[in-house]
Number of protein chains: 2
Amino acid sequence: MRQGEELAAIYVERWNAASGQGKTEDCPVRNVLDRLGDKWSMLLVMTLAGGPRRFNQLHRAVPDISQKMLTQTLRDLQRDGLVARQVFDTKPPSVEYRLTALGHSLIVPLGYLIDWANDSKGRIDAARTAFDTVA
Amino acid sequence: MRQGEELAAIYVERWNAASGQGKTEDCPVRNVLDRLGDKWSMLLVMTLAGGPRRFNQLHRAVPDISQKMLTQTLRDLQRDGLVARQVFDTKPPSVEYRLTALGHSLIVPLGYLIDWANDSKGRIDAARTAFDTVA
DNA sequence: CTGAATCCGGTCCGATACTG
DNA sequence: CAGTATCGGACCGGATTCAG
């Protein structure tokens with residue numbers, strides 16, 4: 001795992017340089033991940049990664065999201081330039097959502113984190129139960 | 001950007017396979033990122049990536065975190081097996097926190113996301129102001 | 001120095017009902 | 001089909017105070 005450690009060191013150094021002496025508020029990472037860290041954003045990004053979807057298609061793909069949160073999260077993603085919204089003047093009207101180039105560029109780095117989460121899920125669960133049984 | 005698109009396609013496929021027909025609740029990604037998505041976890045992980053730190057060292061490194069949230073976040077990270085806690089019976093007592101192997105393995109994938117956030121910050125801000133001025 | 005305990009306001013988010 | 005409006009609970013997180 002020599003390569004992994006070297007990469008990690010690079011990122012540590014890069015992080016220290018980026019975070020610097022500045023306050024936490026203007027940390028770009030915090031700003032961005034506060035948005036992606038909410039309950040539904042990532043899930044919708046990954047769902048839209050499969051191609052454009054209409055409103056109710058998304059609703060069916062993510063059954064346990066409420067209409068309210070689906071609307072709200074999509075609007076926030078659109079506001080951040082990650083998702084584009086296109087209205088068709090058909091009857092009945094339909095609205096299509098798709099990832100922008102910026103949104104598309106998120107898939108790969110997000111994919112790395114997803115891989116990590118999948119690979120680490122077992123150890124995290126084990127650590128949790130171990131911690132809870134002690135307490 | 002041919003390579004990027006191919007990587008993205010792989011992750012889309014992998015995501016679709018992993019999410020499957022299962023409910024959102026047992027999605028490992030959601031489980032893990034709900035934890036990392038809180039206000040301070042990532043920040044502490046990246047701070048601890050620089051090496052072991054004591055409680056007040058962390059407090060100084062992240063000035064705008066409250067004692068309560070520092071304690072709470074560290075305990076949660078410890079519970080998830082990302083951080084190890086070691087108490088020294090000195091006088092006055094000191095407590096040292098360090099990343100576990102599991103926590104260390106998070107640095108690289110998190111680094112990719114941080115890079116994306118840094119690279120995309122400008123475009124996201126532009127999209128936000130554009131969106132807000134229209135509305 | 002390293003926490004725990006408590007109070008409290010703000011925000012997130014689900015449920016429900018209604019609109020064009 | 002694609003939303004909007006409103007209510008209300010749950011939870012996050014800050015400030016303060018106390019303890020080993």
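Note that the structure is a prediction, hence the values are computed from the model and not measured. Proteins come first, then strands; the chains are lettered A, B, ... in the order of their sequence lines, and each starts at number 1. Side-chain atoms are counted along with the backbone in the values below, which use heavy atoms only and exclude waters and symmetry mates.
- If you measure from atom CG of D64(B) to atom P of dG14(D), you get 8 Å, rounded to the nearest angstrom.
- Between dG3(D) and Y97(A), a contact under 4.0 Å exists linking OP1 or OP2 to a side-chain N or O.
- With dG20(C), dT2(C), dT4(D) as the choices, the nucleotide that has an atom nearest any side-chain atom of P93(A) turns out to be dG20(C).
- Atom CZ in F88(B) sits about 24 Å away from atom P in dG20(D), given to the nearest Å.
- Between L36(B) and V45(B) the shortest side-chain heavy-atom distance does not fall below 4.5 Å.
- Computed from coordinates, the H59(B) NE2 to dC1(C) C1' distance equals 12 Å when rounded to whole Å.
- For the pair K68(A) NZ and dC18(C) P, the computed distance is 17 Å after rounding to whole Å.
- The residue from R53(A), R54(A), R85(A) that alone fulfils the side chain to side chain contact (heavy atoms under 4.5 Å, CB included) condition with V95(A) is R85(A).
- Spacing between atom CZ of F55(B) and atom C1' of dT2(C) amounts to 6 Å, rounded to whole angstrom units.
- If you measure from atom CE of M69(B) to atom C1' of dA4(C), you get 14 Å, rounded to the nearest angstrom.
- Out of dG14(D), dA4(C), dT4(D), the shortest distance to the side chain of R75(A) is found at dT4(D).
- Relative ring orientation between F55(A) and Y97(A) is described as tilted, the plane-to-plane angle lying within the 30° to 60° band.
- Across all strands, Q72(A) comes closer than 4.0 Å to no nucleic acid atom at all (heavy-atom distances).
- Atoms CG (L43(A)) and C1' (dC13(C)) sit 15 Å apart, rounded to a whole Å.
- The shortest distance between the side-chain N/O atoms of R54(B) and the OP1/OP2 oxygens of dC1(C) is not below 4.0 Å.
- Taking only side-chain nitrogens and oxygens, K39(B) comes nearer than 4.0 Å to OP1 or OP2 of dG14(D).
- As a whole-Å value, the separation of Q67(A) CD from dC18(C) C1' is 11 Å.
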